[in-house]
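All of these numbers come straight from a predicted model, not from anything done at the bench. Count residues from 1 along the sequence.
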Amino acid sequence: MRCKSGWSWRLGVALLVVLGGGSAAAHDMWIEPVAYMPEPGKVVGLRLRVGQDFLGDPIVRDPSLFEKFIIADKNGVKNVVGRELADPAGLIRPVDDGLLVIGYQSKPNPVVLPPAKFNQYLSEEGLDAVARLRAKRGDTEKEARELFVRCAKSLMLVGAPAATQRDRTLGLPLELTSEQNPYLMAAGGELAFTLVYQNQPLPGALVVAVSQRHPSARISARTDKSGRVRLRLGEAGPWLIKGVHMIPAPAGSDAEWASFWASLTFELPAVASK
C-alpha cells in the first residue's frame with residue numbers, strides 16, 4: 001500500500017502497516033475511554049485505537065489528521081482538548097451528571113490496496129454492491145485506490161442513567177446513533193441503532209457488534225429502509241458497533257473509491273438500572 005509523503009501521511013503509513021498484516025477488519029477505528037463511567041470531576045483519557053477484534057494500536061493526537069474531535073453533553077458541544085502527539089489523544093473532565101457523546105472525524109486518508117485484500121474487505125464489510133460493480137467493470141483483479149474517513153463515537157455516563165439521556169447526532173459523514181441509552185439496558189437486551197450517511201438514513205448496510213470480552217462472537221444485521229437495525233447484545237462489558245459505506249470517489253481525488261467507517265463504543269451493564 002502506498003501513501004503520500006509528509007509528517008501526517010507518515011503517521012498514517014505507520015498505522016496502515018498494522019492494517020497490512022491482518023485482515024481487512026484491521027481498518028476498524030474506535031474511541032476507547034479510560035473509563036466509560038467516570039466519577040464527576042475526574043480527568044478521563046480518551047484513547048483512539050485502530051486494529052481488529054476490539055484490540056488496537058494507539059493513534060496519537062495530531063490535529064492535522066482530524067476534522068473534529070468533540071464532546072456533547074447537556075450544556076452543548078465543545079472541542080476535546082489534549083496534548084499533541086500524546087496517547088490518550090483527548091482529555092475531558094466531566095463535572096455534571098449525564099450521558100456524554102464523544103465524536104471524532106478524521107480527514108480523508110489515501111491508501112492503495114492489492115486486489116486480494118480489497119476484495120476480502122469488501123466481503124467482510126458487506127460491500128456487495130461495490131464488489132459487483134468492480135466485477136462488471138473487469139476490475140476484480142486490479143488494485144484499488146481509496147480515500148477513507150473514520151467517523152467514531154463513544155457514549156460515556158457520569159452519575160446515574162436516566163431515560164431522558166439520549167445519544168445524539170454530531171454531523172459525522174457516516175454516523176451510528178443508539179436509539180436507547182445503553183446504560184439503562186443490560187446483557188441480553190436488544191438495542192436499536194440508526195445509521196445515516198450525510199444525515200440521511202442508509203438502508204442495506206451491514207452493522208456489526210463486537211464484544212471486547214469475546215470479539216470472535218460477532219452479531220450482525222443489515223439496516224432496514226429507515227437505516228435502523230436491532231441487535232441483541234448478549235453480555236456485559238464494552239461493545240463496539242461498526243458499519244462501512246463506500247461510494248465512487250469524487251472527481252480529481254486520485255482515487256476510485258471513498259469509504260466511510262462508523263463506530264460507536266459504550267459499556268453495557270450486567271444488570272439494568274431501575
*Identify the two heavy atoms, one from Leu170 and one from Ala72, that lie closest to each other, and give their separation to 0.1 Å.*
CD2-CB, 3.9 Å

*When Lys153 is tested against each of Thr177, Ile70, Leu176 for side-chain contact (heavy atoms from CB on, under 4.5 Å), which residue passes?*
Thr177

*Keeping to residues at least two apart or across chains, list the salt bridge (charged side-chain N to carboxylate O under 4.0 Å, His left out) pairs with something in residues 179-188.*
Glu179-Arg228

_Looking at every non-hydrogen atom in both residues, tell me the closest pair between Pro88 and Val34 and how far apart they are._
CG-CG2, 4.4 Å

_Side chains of Leu46 and Met156 in contact at under 4.5 Å (non-hydrogen atoms)_ = yes

*Do Glu125 and Leu206 have side-chain heavy atoms sitting under 4.5 Å apart?*
no

*Distance (rounded to the nearest 0.5 Å) between Tyr104 OH and Phe66 CZ*: 6.0 Å

_Atom pair CD/NZ of Glu67 and Lys107 - distance to nearest 0.5 Å_ = 5.5 Å

*State, to 0.1 Å, how close Pro182 and Leu191 come at their nearest heavy-atom pair, and which atoms those are.*
CB-CD2, 3.8 Å

*Derivation and outcome, side chain to side chain contact (heavy atoms under 4.5 Å, CB included), residues Leu231 and Val229*: CA-CA 7 Å; Leu231 301 171; Val229 64; 4.1 Å; yes

*Please check if any side-chain donor atom of Ser259 sits under 3.5 Å from a side-chain acceptor atom of Trp261, or the reverse.*
yes

*Quick one: do Phe54 and Ile31 end up in the same hydrophobic cluster if we chain Ile, Leu, Val, Met, Phe, Trp and Tyr together by side-chain heavy atoms under 4.5 Å apart?*
no

*Report the C-alpha separation of Glu267 and Tyr183 in whole Å, then their side-chain angles, then the decisive distance to 0.1 Å, and conclude whether the side chain to side chain contact (heavy atoms under 4.5 Å, CB included) test is met.*
CA-CA 7 Å; Glu267 185 169 333; Tyr183 295 95; 4.1 Å; yes

*Going hydrophobic residue to hydrophobic residue with side-chain gaps under 4.5 angstrom, can you get from Phe69 over to Leu172?*
no

*Quick one: sort the Phe266 and Phe193 rings into parallel, tilted or perpendicular, breaks at 30° and 60°.*
parallel

*asked:* Taking side-chain contact (heavy atoms from CB on, under 4.5 Å) as the criterion, tell me which of Asp73, Asp97, Leu99 meets it with Gln165.
replied: Leu99

*What's the spacing between Ile71 CD1 and Leu100 CG if we round to 0.5 Å?*
4.5 Å

*To the nearest 0.5 Å, tell me how far Arg134 CZ sits from Glu141 CD.*
8.5 Å

*Report whether Leu155 and Ile92 are members of the same hydrophobic cluster (ILVMFWY, side-chain heavy atoms less than 4.5 Å apart, transitive linking).*
no

_Cluster link Leu147 to Val130, ILVMFWY, side chain under 4.5 Å_ = no

_Residue pair Ile102 / Pro33, side-chain heavy-atom distance below 4.5 Å_ = no

*Any side-chain heavy atom of Glu32 within less than 4.5 Å of one from Gln212?*
yes

_Going by side chain to side chain donor-acceptor pair (under 3.5 Å), name the residues that satisfy it together with Trp239, two or more places apart in sequence or in a different chain._
none

*Distance, nearest 0.5 Å, that separates CG of Asn119 from CG of Leu127*: 11.5 Å

*If you draw a 6.0 Å radius around CD in Glu39, do more than 12 non-hydrogen atoms from other residues or ligands fall strictly inside?*
no

*Could you tell me whether the side chain of Asp167 reaches within less than 4.5 Å of the side chain of Leu264, counting heavy atoms only?*
yes

*asked:* Is there a path of hydrophobic side-chain contacts, each under 4.5 Å between heavy atoms of I/L/V/M/F/W/Y residues, joining Leu233 to Met37?
replied: yes

*Tell me, with the steps shown, if Arg145 and Asp254 meet side chain to side chain contact (heavy atoms under 4.5 Å, CB included).*
CA-CA 8 Å; Arg145 301 190 312 278; Asp254 193 30; 4.0 Å; yes

*How close do Thr194 and Ser226 get, heavy atom to heavy atom, and via which atoms?*
CG2-O, 4.3 Å

*In Å and rounded to the nearest 0.5 Å, what is the CG to CG distance from Leu202 to Leu174?*
6.5 Å

*Within a strict 4.5 Å, meaning less than it, do heavy atoms of the Trp257 and Pro248 side chains meet?*
yes

*How are the rings of Tyr197 and Phe260 set to each other: parallel, tilted or perpendicular (split at 30° and 60°)?*
tilted

*Using 4.0 Å as the upper bound for N to carboxylate O, is an ion pair formed by Asp87 and Arg49?*
yes

*More than 12 heavy atoms of other residues, nucleotides or ligands under 6.0 Å from CZ of Arg230: is that the case?*
yes

*When you look at CZ of Arg222, are more than 12 heavy atoms from neighbouring residues, nucleotides or ligands closer to it than 6.0 Å?*
yes

*Do the side chain of Arg61 and the main chain of Leu85 share a donor and acceptor less than 3.5 angstrom apart?*
no

*Does Asp96 pair with Lys74 as a salt bridge, N-O distance under 4.0 Å?*
no

_Full working for side chain to side chain contact (heavy atoms under 4.5 Å, CB included) between Val207 and Ile241_ = CA-CA 7 Å; Val207 175; Ile241 315 299; 3.6 Å; yes

*Would you indicate whether the side-chain heavy atoms of Glu84 and Pro63 approach each other to under 4.5 Å?*
yes

*Going by distance alone, is a donor N or O of one side chain under 3.5 Å from an acceptor N or O of the other, for Ser154 and Thr265?*
yes

*Of all heavy-atom pairs between Val44 and Pro94, which one has the smallest distance, and what is that distance?*
CG2-CD, 4.3 Å

*Does the side chain of Trp30 come within less than 4.5 Å of Arg150's, by heavy atoms?*
no

*Go through the side-chain N and O atoms of Thr169 and Glu175 and say whether any donor and acceptor fall under 3.5 Å apart.*
no

*Identify the heavy atoms of Pro250 and Ala258 that sit nearest to each other, and give their distance.*
CD-CB, 4.4 Å

